[in-house]
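See below for the structure under consideration.
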Amino acid sequence: MDTSNPLREERLRKLAEWRRRGIDPYPTRFVRSHVAQELQQSLRDLPAGSESTIRARIAGRITARRVMGGASFLDLRDGSGRIQLYATVDVLGPERYELLTQIDIGDFLGVEGLVFRTKKGELSVRVEEFTLLAKALRPLPEKWHGLQDVEIRYRQRYLDLIANDQARRIALTRSRIVSAMRRFLESEGFLEVETPILQPLYGGAAAKPFTTYHNALNMTLYLRISDELYLKRLIIGGLEKVYEIGKDFRNEGISTKHNPEFTQMECYWAYADYTDMMALTERMISQIAKEVLGSTRIRYQGHEIDLSPPWRRITFREAILEHTGIDIERFSTLSELREEIARRRLIVDPQPTWGKQVDELLKTYVEPKLIQPTFVLDYPLELSPLAKRKPTNPNLVERFEPFIGAMEFGNAFSELNDPLDQRERFLAQEAMRRAGDEETQPLDEDFLTALEYGMPPTGGLGIGIDRLTMILTDSPSIREVILFPTLRPKKGEEAS
RNA sequence: GGGCCGUUAGCUCAGUGGUAGAGCACCUGCCUUUUAAGCAGGGGGUCGCAGGUUCGAUCCCUGCACGGCCUACCA
């Protein structure tokens, strides 16, 4: 960062001036009596031109300054909202008043004084005493247009939060979503747990991992790509309803829907199956929307969406039939399927296996249409090495993915608890790996051992918190809902 | 990885083959109820970086960097 900025030089000059007067520009403490929003609410009915009986001590960042000779107005913002300050030379005396007018936009200030409402109707604090709480050395972004530069918004999110209401709103909403989700799961009897992020073997999803190294143990460790296999071990251990909210890491591309580290909620429920997980998902998401947004009707990217249960349920096979006319059951080999795709003149990227090819059909032709909440269920076996087979059709598994606004935001199944079948699935995955698929499940002997001690029938669900937040904040990009999205370091960037 | 677009003052943005402008912010002066305060004056720029074409490049060309969108990848 540049340090030769003349605006910064000017502020350094002012900083030195405060110090010259024996004032510490970075004091340790300021006791507040109120925050701005409290005053705005409790004095909502105070008429214009009249005084309250409240003497308030408030603190915050100065965001605007209007100096008019012997009287000045400052806008102060704290974590709750904003309030105006009114200072006059009559109250403060010439010396203190002059000092106050040296305050820069961006500085933190604590003030004490009577709260009143101006003739124009603006609730204000009459500054009787003030304390500089922190001198800012750099100017804030422009007041009217906010901060527009996307790169600065992501790299210096604090500036985005200062300058843009929307950024603040998203950060608050995300926190409320996670909080409401925890409350919901707790009310349903789920126990919050923590499982390892550093794992000797990764699993639970088809993804490439990040690799790291532990010096003392002299071993390679992986950052988890999913919590699944550890949470199932807890089900085996008798914790019948568990969940975890945490970061997963996938060493893959970045897009408006993908960040290399992302937040997922995973929960596991003994004696439940995927239909129970569907009902749980509907209730959870609609409950969160109600708590956080006050309604189950939302707008997402121009669409009116109704989150209230029940959500539409459609099988994987029916969904593809509906949107492409192809009944995938009638084309059970990759070459037959490709012929049918070509015959119907559909444009789909070729995939190496039948399973991936039908999945590609879903992504290309079905997913963009899934605006209203929809469960797509009963996936092909080969796409789902950890899910239980459907009793009525061993080529399918009891699995669903929920979609809203043309975006998948979760994954769930009746968990495979047959240790011998699980071993076969792992071996099939290994075979696919040898055939060149880099994103297969590695065989996890330790997990198989756990399964052999017996896991009750269990339903499992994962919800992508980032994508859910996108949906509930009408954000078009995952970078808007992650405070510090992964970016390439700027070349030549160094600490000033 | 590929395509398209962007990068000009601290911020938001104009602009031109003859080395640059506005608004906000900043500085100075005036101003005791303003709120995008006002009025007057002023300072501030390696026009992302490196090459090339040209008498001359911020502008045209090439490469690079970073970012955005699309695409690819991705449970």
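Order of the sequence lines fixes the chain letters, A, B, ..., with proteins taken first and strands second; residue numbering starts at 1 for each chain.
Looking only at atom types and distance, the side chain of A/Tyr97 has a donor-acceptor partner in the side chain of A/Ser72 under 3.5 Å away.
With P as the reference atom, B/A9 and B/G21 are 14 Å apart, rounded to whole Å. B/G44 and B/C27: their C1' atoms are spaced 10 Å apart (whole Å). To the nearest whole angstrom, the two C1' atoms, one in B/A14 and one in B/A37, are 26 Å apart.
Counting only heavy atoms from C-beta on, A/Thr256 has its side chain closest to B/C70 among B/C70, B/U33, B/G68. Candidate nucleotides B/C11, B/C26, B/A75 were compared by shortest atom distance to the side chain of A/Leu147, and B/C11 ranks first. When distances are taken from the side chain of A/Val89 to each of B/U35, B/U32, B/G10, the shortest belongs to B/U32.
Residue order along RNA chain B, read from the 5' end via each residue's closest nucleotide, puts A/Ile103 first among A/Ile103 and A/Ala205. Mapping A/Thr88 and A/Thr486 onto RNA chain B via the closest heavy atom, the residue that lands nearer the 5' end is A/Thr88.
Both distances falling under 3.5 Å, in either a Watson-Crick or a G-U wobble arrangement, place B/C24 opposite B/G10. Across all strands shown, B/G68 is found opposite B/C4 as a Watson-Crick or G-U wobble partner, with both distances under 3.5 Å. In this structure, B/C73 forms no base pair with any nucleotide, since neither Watson-Crick nor G-U wobble geometry is met with both distances under 3.5 Å. B/U53 is unpaired under the Watson-Crick or G-U wobble criterion, no partner having all donor-acceptor distances under 3.5 Å.
Scanning atom types as modelled, one donor and one acceptor separated by under 3.5 angstrom connect the side chain of A/Glu122 and the base of B/U35. At a cut-off of 3.5 angstrom, the base of B/U35 holds no donor-acceptor pair with the side chain of A/Asp75.
Phosphate contact (OP1/OP2 of B/C66, side-chain N/O of A/Arg155, threshold under 4.0 Å): absent. Phosphate contact (OP1/OP2 of B/G67, side-chain N/O of A/Arg488, threshold under 4.0 Å): present. Note on A/Lys14: every side-chain N or O is 4.0 Å or more away from OP1 and OP2 of B/C26. For A/Arg479, a side-chain nitrogen or oxygen approaches OP1 or OP2 of B/C69 to under 4.0 Å. Regarding contacts with the backbone of B/A75, every side-chain N or O of A/Arg399 stays at 4.0 angstrom or more from both OP1 and OP2.
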(Q) Checking A/Phe116 against A/Tyr86 for the ring-ring contact (aromatic ring centres under 6.0 Å, His included) test, could you report, in this order, the C-alpha distance in whole Å, the side-chain angles of both residues, the deciding distance, and whether it holds? (A) CA-CA 10 Å; A/Phe116 72 107; A/Tyr86 177 60; 5.7 Å; yes
Please produce a list of atom pairs where a protein N or O lies less than 3.5 Å from an N or O of nucleotides 43-50 of chain B.
none

For nucleotides 20-24 of chain B, print each protein N/O atom paired with a nucleotide N/O atom at under 3.5 Å, atom names and distance only.
unit_1: B/G23; atom_1: N2; unit_2: A/Glu142; atom_2: OE2; d: 3.4
unit_1: B/C24; atom_1: O3'; unit_2: A/Lys143; atom_2: NZ; d: 3.3

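Under the 6.0 Å cut-off for aromatic ring centres, A/Phe375 and A/Phe403 do not qualify, their centroids lying 6.0 Å or more apart.
If you check every strand for non-hydrogen atoms under 4.0 Å, A/Pro385 touches a base.
For A/Asp418, the side chain to side chain contact (heavy atoms under 4.5 Å, CB included) partners two or more places apart in sequence, or in a different chain, are A/Leu416, A/Leu420, A/Asp421.
A distance-only check finds no donor-acceptor pair linking the side chain of A/Arg479 to the backbone of A/Tyr154 [under 3.5 Å].
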